[in-house]
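Right, one structure below, let's go through it.
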Amino acid sequence: MAYRADNYDVVVVGLGHAGVEAALASARLGCRTLAVSTNLENIAFMACNPSIGGPGKAHLVREIDALGGEMGLAIDATFLQMRLLNTGKGPAVQALRAQADKRAYQAYMRRALEGQPGLQLRQAAIEAVLMDGGRVAGVRSRTGVEYGAKAVVLATGTFLEGRVITGEYAYSSGPSGQLPAQGLSDDLRESGVRLGRFKTGTPPRVDGRTVDRSRLTEQKGDERPRRFSFLSHPVPRPQLSCWLTYTTEETHRLIRENLHRAPLYTGVIEGAGPRYCPSVEDKVVRFADKARHQVFLEPEGWNTTEMYVLGLSTSLPEEVQWQVLRSVRGLEEVELLRPGYAIEYDYLLPHQLDLSLQVRGVTGLFSAGQLNGSSGYEEAAAQGLAAGVNAARQVQGLGPWMLRRDEGYIGVLLDDLVTKGVTEPYRVLTSRAEYRLLLRQSNADLRLTQKGRELGLVSDERYRRYQERKAEIDGLRRYFAGSLAGPDTPLAERVVQAGGSPLRRAETVEALLRRPEVGVPDVAAALADVAAADRECLEEAVLEVKYEGYLQREQQQVARFRRMEERHLPQDVDYDAVMGLSTEGRLRLKAAQPASVGQAQRLEGVSPADIAVLLVYLEQRRRVRSPGQGMEAPADGQ
Amino acid sequence: MCKAGFGRSGKALDRRWEQLLGDTIAALATAVGEAGVSVVRLSGPEAVTCAARVFRCSRLESLAEGRPRRVYYGWLLDGPGGRRLDDGLAWFSRAPHSFTGEDVVEISCHGGVVASRLALEAVLRGGARLADPGEFTRRAFLNGRLDLAQAEATIDLVQARTGAAFDAARRRLEGELSRRVSSVADRLLGVMAEIEARGDFPDLELEELEPPQVSRELRACMEALRELLAGAEEGRLLREGLRVVLAGRPNVGKSSLLNALLGEERAIVSAVPGTTRDVIEEGLVVEGVPVVLADTAGLRESADPLELAGTGRTAAALRQADVVVFVIDAGAGWLPEDEAAAAALPKTPVIVAVNKSDLRRWAPETAMIERIAGGTDVLEVSARTGQGLGALRQAIARAAGVRRREEPMLGTVRQKHAVERAVASLETAAAAVEGGVSLDLAAVDLREAWGALGEVTGENAPEALLDEVFSRFCIGK
Ligand SMILES: Nc1nc2c(ncn2[C@@H]2O[C@H](COP(=O)(O)OP(=O)(O)OP(=O)(O)O)[C@@H](O)[C@H]2O)c(=O)[nH]1
Ligand SMILES: [Mg+2]
């Protein structure tokens, strides 16, 4: 017999990286929130690599942070190693990456959840979403407990009908030996939600004591580690290294000889896997002429010797994994702790969602994270934040909240998922962002903290820090533009030392900064007024000067882009009644119900002619609704 | 009425997508080649600025300083800061007091195919974009300058035009130009993939891309595109005009017609069949259309090796023909040799000229004509008396217009403009790379170049770049 436990504003199902941010956002916006997990020991668990950040991903973490999310603070508190990547490249692709202490990260997140007023944790396996007409009414657990809810956020990750495969063995399971979520898939299908199946994989874990580090290349963290969160204070502290090694001819031979036992090739695995995260069997087959592949050993925590073997993702039989591991340089004596495996899981075809991550046609049902066909903790967390915010706003009767592609990687991520759909687990990349020079990780707060403040997620402290940073950057820019450096000043000397042509007369600091040979260290060392400035603020101000031309060009592109994005498409357009649409265009528009003309034009199968027809239709409709407006006799004929 | 029409199937990176509204468009406002004067029309917020970049007023510093609805005399330049192309008149109206409701400029200059398309290309270089089919009308409607009934007509127009344009686009896609653009686009994509892979996957152990190596590759792409621009089919049309070929069995009076149309005795005429042994070409202007008129050796089976060689050259000339004038002899009527000659005609528009109509009034039966694939007009002419020659000129110009209505001309203006934009972006990128700018910044221009090329090939889905990255590099955990 079902029993009614309690009523909540928002129930979040699943407490992985998406669920955690969703629950916190919802509660922070004042909603009475219940967050449910099948196992409260596994909150914010990193089922794959123990690392956060990298190009695109670091951008997401900083955006989450700028909006008042938790991920950046959590990794800053628990990192084992911090590195800024792509330092030799341009501002668009520079990105932080951290190795995480997995356990500490989980403990941090659990504390954050427990410290959040209005948020209740519960261990339960949810197997049904309760409906009331076209609205969500709550959820029901396997043990028959019902929780009433005005909005539900599903964030079940790779758990839905999870199936783990190693060699010839396949069994129902969530990642890393956890319980799969069973029953919920069928329940969703009954509500008309369509699901697909993906696979992903993870490498074996080994005992670090049995790794011969003398044969590996050490990769240390940065001497002055930076931080993800705009709220954290970077402090130097001990770090752990990663270790680089390579596969050998022997590794490749072993894999080739055992391909007939690889589930990927025997047809045991049906789901589509990600191209950017191929199994080692895949790499050996697809890049047969490569003599060796990289393998990174990454520490998993301060209190464990366990190491993650990045590069050897595999679902080969366990005894083959042993041989493969021991064929790698420096791993000749290695002890396997946990075998690698492939996991198949159900995901929700994300084009059924609107840009607020609400399932179209089911008011109050939101979906976030790997369940939506994405991959990665950061992608999950970003969706979690968006879904949590939108669930709360739904309950509070406020309109949906979203970011556009020109405002953040979060906007790119959501639009890509919803508008284009997925054919493999989706990973964010800087190359996916059209306006990536504007969407730097270094200016996430400048772009988004004001918005987060308006939403109600940004604390007074965070807001104050943002205002200070903004003021400091603006002040530096004014200083650069307004102060002159003469030919015999220290800055001029540094210019010459750096190989620049000598100054003939005084020039503004700004003009000197535009020279390629002049950079942050020069102004910091040569100008007393600048020396005291916060390093990141200085970097940001210099960057804005140096790349002004490119930034302006992207801004112009954005202005064009916005014109279409801001053409709102009413949700009650009857596309069957729009005369002149192509058959395919009509079908796509009907299925996707795009929110704007801009989104419509990104749909596969919608042609420029369809957009032209749509614009004309919208204008017709506007005139019919407000007759007598907008008509004037043409000034002259055509 | 705007005459542009080139649909495309690619997506996203294309700036035309972003600009369906609110940017500045241009098109020819008069029918090409038929009028003595051609008018280029611009509409959009930048219309006056774009026009002022390529139209130098005689009395003003810049057209932008002028007053609306006043006519200014001046010179059209072939591009911003370029050389003088033609003299002409320009006037503009300001939003909302124009027929599109936006700023509108009209520049009138000399008519004719060459002059008008050069004028159009000039304003495109000034920063306007070639208008889509029906786009002026559509804007007029969207800006409240047309009523509902007119708007419905617009939709039909958009439909009809785009249908035809898509066909034309497909035809061109199969064409040489597109294939060659594709190969450059692929090469460019390769460069971009190398850059992106290094940015998005810093752990890959790839050697750093050396700026000289990148700029060399970019310059090679530019070179290939420039060559392509110079050698493009439409470039030939522009330099040489429409290729009109006189063909038919021996002795029907082809050489006599060439002479009559030229007004001079250029080709040898004789009563002996097989007089002309080689292809004779002459340039002339027919109804404002520049034409290369070719007289050919009569088509027949022959054992004479010299004549056989002539027939081979005739076949070659026919393959290159834009329009064929198929000559038959009214005096002799339809002979088996005519039948054989007709079978050798290409699938280009064919005008049937029934020559020697001074000898007897005779017209071929429809059944005969139908066997001529692209047959359109049948005209009675006489090289001797000059009768029907005016009609023949008009038919040739019309046949050129048939080609125009399929819009390869404006289609190629668009393509050419796209390729030119790509070259400009590549130039910016190469210069930046050479100046030490980091590659992910230069990528901004590379994306623009690639997007422009995608307008020609129809292939510019952003996914293509990722596909390229994943197929080149072994990426992953
Ligand atoms: N009566 C009359 N005779 C013509 C006319 N046009 C050409 N002829 C005569 O027809 C004969 C052949 O004319 P050509 O112009 O040499 O014929 P062609 O088609 O060039 O012949 P080949 O070069 O041998 O293929 C000459 O004797 C011309 O004078 C015409 O309009 N009327
Ligand atoms: Mg002759």
Side-chain angles (χ1 to χ4, degrees), chain A residues 48-49 54-56 85-86 88-90 92-93 203 275-278 283 286-287 290 293-294 296 310-311 313 429-432 434 436-437 516 547 550 553-554 557 560-561 563-564 567 579-580 601-602 604 607-609 611-613 615-616 619-620 623 629-632 634-638, chain B residues 1 7-9 11-13 15-23 93 96-99 132 134-138 140-142 144-148 151-152 154-156 158-159 162 196 198-205 208 435-441 444 462 465-466 469-470 474-477:
Chain A
C48 204
N49 50 331
L85 306 175
N86 285 335
K89 302 199 175 82
V93 295
R275 284 178 299 178
Y276 47 81
C277 183
K283 291 198 267 193
R286 283 188 46 223
F287 294 89
K290 266 200 97 170
H293 293 277
Q294 287 176 319
F296 286 97
L310 190 143
S313 177
L429 296 165
T430 68
S431 18
R432 295 193 198 270
E434 296 84 345
R436 65 177 172 189
L437 283 181
Y547 304 115
Y550 280 103
R553 278 186 38 209
E554 280 205 348
Q557 291 174 0
R560 290 203 297 262
F561 166 77
R563 274 201 288 271
M564 298 300 265
R567 286 246 154 173
M579 194 174 67
Q601 77 189 6
R602 283 193 295 280
E604 197 69 41
S607 72
I611 296 297
V613 166
L615 289 174
V616 169
E619 177 64 15
Q620 278 176 324
R623 287 196 200 165
Q629 261 184 30
M631 256 308 287
E632 266 180 74
D636 48 11
Q638 213 181 141
Chain B
M1 189 83 285
R8 29 163 296 289
S9 52
K11 295 272 281 260
L13 285 177
R15 63 174 199 159
R16 296 213 300 129
W17 267 113
E18 298 168 7
Q19 296 180 345
L20 264 170
L21 281 173
D23 59 340
S93 20
H97 309 289
S98 72
F99 75 91
D132 281 334
E135 195 169 6
F136 281 90
T137 318
R138 194 165 74 232
F141 172 73
L142 294 178
R145 312 296 298 191
L146 290 176
D147 66 19
L148 270 171
E152 269 152 31
T154 313
I155 297 178
D156 292 345
V158 169
Q159 279 307 97
T162 334
E196 297 302 325
R198 282 166 178 78
D200 268 328
F201 302 98
D203 293 326
L204 290 178
E205 290 183 312
E208 283 301 310
V437 166
S438 72
L439 295 175
D440 53 311
L441 288 168
V444 174
L465 179 55
L466 292 178
V469 170
F470 289 126
C474 182
I475 278 156
K477 298 174 180 173

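Chain naming here is simple, since letters A, B, ... match the order of the sequence lines and numbering starts at 1 in each. Note that these values count all heavy atoms, side chains included, but never hydrogens, waters or copies made by symmetry.
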Any donor-acceptor pair under 3.5 Å linking the side chain of [X] with the backbone of [Y]?
| X | Y | answer |
| --- | --- | --- |
| B/Asp200 | A/Ser431 | yes |
| A/Lys89 | B/Arg198 | yes |
| A/Gln294 | B/Asp203 | yes |

Heavy-atom closest pair, residues [X] and [Y]:
| X | Y | value |
| --- | --- | --- |
| B/Asp23 | A/Arg563 | N-NH2, 4.2 Å |
| A/Leu85 | B/Pro202 | CD1-CG, 3.7 Å |
| A/Tyr550 | B/Leu441 | CE2-O, 3.4 Å |
| B/Gly199 | A/Pro55 | O-CG, 3.3 Å |

**Asked** Residues two or more places apart in sequence or in another chain: which of them pass side chain to side chain donor-acceptor pair (under 3.5 Å) with A/Arg286?
**Response**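 Scan of A/Arg286 (side chain to side chain donor-acceptor pair (under 3.5 Å), adjacent residues dropped) gives none.
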**Message:** For the interface with chain B, which of A/Glu554, A/His293, A/Arg436 has the highest count of heavy-atom pairs at distances below 4.5 Å?
**Reply:** A/Arg436
**Request:** Please flag which part of B/Glu196 lies under 4.5 Å from any non-hydrogen atom of chain A: side chain, backbone, both or neither.
**Result:**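 Just its side chain gets close to chain A.
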**Asked** Side chain, backbone, both or neither: which part of B/Leu439 has a non-hydrogen atom closer than 4.5 Å to chain A?
**Response** neither
**Value rounded to 0.5 Å, distance of OH in A/Tyr547 from OG in B/Ser438** = 5.0 Å
